[in-house]
2 protein chains.
Amino acid sequence: MSTEARYDRMLRDAALRVTRPRRAVLAAVHAHPHADAETVMTAVRRDVGAVSHQAVYDVLRALTDAGLVRRIQPPGSPARYESRVGDNHHHLVCRSCGAIADVDCAVGEAPCLTAAEHHGFEIDEAEVVYRGLCPRCAAAPVS
Amino acid sequence: MSTEARYDRMLRDAALRVTRPRRAVLAAVHAHPHADAETVMTAVRRDVGAVSHQAVYDVLRALTDAGLVRRIQPPGSPARYESRVGDNHHHLVCRSCGAIADVDCAVGEAPCLTAAEHHGFEIDEAEVVYRGLCPRCAAAPVS
DNA sequence: GGCATTTCTTGACTCGTTCCAGAATGACCG
DNA sequence: CGGTCATTCTGGAACGAGTCAAGAAATGCC
Ligand SMILES: [Mn+2]
Ligand SMILES: [Mn+2]
Ligand SMILES: [Zn+2]
Ligand SMILES: [Zn+2]
């Protein structure tokens with residue numbers, strides 16, 4: 001089965017109609033892990049031509065709601081999207097350039113940590129973000 | 001030592017001039033943990049009268065840069081500010097109403113977790129966000 | 001092919017925050 | 001007590017990321 005056919009299948013299985021923008025956005029998210037909407041939009045347009053700003057946002061939302069993509073919202077940077085879903089993995093974020101890398105979760109399913117005091121909250125997820133410098137930024141001369 | 005005098009001291013120790021807005025913002029952040037800028041602004045004005053929008057934002061930035069307050073940026077809600085700094089504590093966030101509660105860190109200093117694979121990153125902090133429903137929202141009838 | 005449903009386009013608009021300029025204020029040092 | 005320079009004020013405008021609204025177009029289904 002071709003990659004394209006696989007994306008079509010994923011959309012149909014999620015009860016989503018197969019459209020050119022949807023296929024292209026899904027492909028772009030797969031091709032560019034942790035890309036922001038802007039990057040997805042550029043990739044989509046290079047791939048299939050004109051697609052509106054709004055269509056990209058709508059599709060990203062539909063795919064996110066359907067669980068086909070995951071939205072990550074690092075403070076101070078636009079939302080990022082990725083195709084690795086359902087494995088409860090975590091992220092490494094570079095303080096300097098914003099680069100993001102995946103870190104497998106030791107446990108693999110949410111919530112993978114338990115809070116000391118839960119204050120009555122019903123906790124269903126523990127998100128871990130490791131912050132530091134990526135190899136490139138660590139090596140770079142002091143700016 | 002009065003509370004006010006203690007805030008003055010904190011400001012001076014951070015090499016910040018002691019001004020009415022600064023003292024008031026610092027007090028407001030202490031009085032309202034995890035409050036957003038808007039809430040801080042309202043509290044400050046109730047306390048000392050007219051203070052400009054920018055002054056509040058400027059002061060919050062100055063205090064944050066000086067390490068006297070910590071800024072938290074929950075996705076999808078405006079930035080929150082708190083006076084608990086330097087203890088590497090974590091947060092419980094309500095998915096429904098955005099309420100935030102503190103969770104002590106078992107370790108107490110960053111980074112309190114170690115990533116399985118670090119991909120060459122120099123990690124200096126591991127931030128944990130527990131997500132779920134606060135007691136009130138969990139008890140609330142299905143909306 | 002026809003029709004109802006869903007999706008796309010266009011463009012305005014929101015929100016929280018930052019930037020701007022010039023004038024006024026007032027903290028702190030000597 | 002000055003002088004000086006950081007800080008604040010006033011009143012805007014502008015920002016970036018994302019959302020809303022209304023109508024046009026496309027699609028799935030029979
Ligand atoms: Mn990832
Ligand atoms: Mn806290
Ligand atoms: Zn980097
Ligand atoms: Zn709640």
Side-chain angles (χ1 to χ4, degrees), chain A residues 7-9 11-26 28-29 34-42 44-45 47-66 68-81 98 100, chain B residues 4-5 7-29 34-45 47-66 68-69 71-81 98 100:
Chain A
Y7 294 146
D8 288 9
R9 160 62 67 97
L11 289 168
R12 287 215 176 79
D13 287 353
L16 292 175
R17 288 188 181 176
V18 178
T19 68
R20 206 177 46 124
R22 287 184 169 175
R23 188 155 47 205
V25 167
L26 190 51
V29 171
H34 311 127
D36 59 15
E38 176 66 32
T39 304
V40 169
M41 208 174 316
T42 306
V44 163
R45 286 172 178 161
D47 184 13
V48 301
V51 175
S52 75
H53 171 81
Q54 189 56 22
V56 173
Y57 275 102
D58 284 352
V59 170
L60 283 172
R61 165 180 299 260
L63 297 182
T64 303
D65 290 349
L68 293 182
V69 315
R70 174 176 168 196
R71 174 188 288 120
I72 310 166
Q73 283 156 283
S77 101
R80 314 294 195 95
Y81 298 87
I100 298 185
Chain B
E4 191 170 279
Y7 294 146
D8 288 8
R9 159 63 66 97
M10 292 172 68
L11 291 167
R12 287 215 175 79
D13 286 353
L16 292 175
R17 286 190 181 179
V18 178
T19 67
R20 209 176 43 125
R22 285 182 172 171
R23 191 155 44 204
V25 166
L26 190 50
V29 171
H34 310 129
D36 59 16
E38 176 67 31
T39 305
V40 169
M41 207 174 317
T42 305
V44 163
R45 286 173 178 159
D47 184 14
V48 301
V51 175
S52 74
H53 173 78
Q54 298 82 332
V56 173
Y57 275 101
D58 285 352
V59 169
L60 283 172
R61 164 178 301 260
L63 297 182
T64 304
D65 290 349
L68 293 183
V69 316
R71 174 188 286 120
I72 310 166
Q73 283 156 282
S77 102
R80 313 293 195 95
Y81 298 87
I100 299 186

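Letters A, B, ... mirror the listed sequences (proteins, then strands); counts begin at 1.
Comparing V18(B) and P78(B) by the nucleotide of DNA chain C whose heavy atom lies nearest to each, the residue mapping closer to the 5' end is P78(B). Across the interface with DNA chain D, nearest-nucleotide mapping of D58(A) and R20(B) shows R20(B) to be the residue nearer the 5′ end. In terms of position on DNA chain D, the residue among H53(A) and R17(B) whose nearest nucleotide sits closer to the 5' end is R17(B). Between T19(A) and Y57(B), the residue anchored nearer the 5' end of DNA chain C, judged by the nucleotide with its closest heavy atom, is T19(A).
R80(B) contributes no side-chain N or O that, together with a main-chain N or O of Q73(B), makes up a donor-acceptor pair within less than 3.5 Å. In this structure, R22(B) contributes its side chain and R17(B) its backbone to a donor-acceptor pair below 3.5 Å. A distance-only check finds a donor-acceptor pair linking the side chain of T64(A) to the backbone of L60(A) [under 3.5 Å]. For the pair T42(A) (side chain) and E38(A) (backbone), a donor-acceptor distance under 3.5 Å is present.
The shortest side-chain heavy-atom distance between M41(A) and V51(A) does not fall under the 4.5 Å cut-off. Taking 4.5 Å as the limit, some side-chain heavy atom of P74(B) sits within range of a side-chain heavy atom of I100(B).
Among residues two or more places apart in sequence or in another chain, the side chain to side chain donor-acceptor pair (under 3.5 Å) test is passed with D58(A) by Q54(A). Listed by chain and residue number, Y7(B) satisfy the side-chain contact (heavy atoms from CB on, under 4.5 Å) test with A27(B) (two or more places apart in sequence, or in another chain). D8(A) pairs by the salt bridge (charged side-chain N to carboxylate O under 4.0 Å, His left out) definition with R23(A), not counting sequence neighbours.
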Under the side-chain contact (heavy atoms from CB on, under 4.5 Å) rule, what do I72(A) and Y81(A) come out as? Steps first, then yes or no, please.
CA-CA 6 Å; I72(A) 310 166; Y81(A) 298 87; over 6 Å; no

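Minimum interatomic distance between L63(A) and L11(A) (heavy atoms only, all atoms of both residues): CD2-CD2, 3.6 Å.
In the helix from dG1(C)-dC30(D) to dG30(C)-dC1(D), the end axes, each obtained as the rotation axis mapping the C1' atoms of four pairs onto the next four within a five-pair block, lie 50° apart to the nearest 10 degrees.
Contact annotation for R12(A): no contact, since no heavy-atom pair falls under 4.0 Å across all strands. Within the nucleic acid shown, A79(A) comes within 4.0 Å of sugar-phosphate atoms alone, with no base atom in reach, counting heavy atoms only. At the heavy-atom level, R71(A) lies nowhere under 4.0 Å from the strands shown.
Extent of DNA chain C lying under 4.0 Å from chain B heavy atoms, first and last nucleotide in 5' to 3' order, is dG16(C) to dC28(C). Taking every nucleotide of DNA chain D with any atom under 4.0 Å from a non-hydrogen atom of chain B, the first and last of them, 5' to 3', are dC5(D) to dG12(D).
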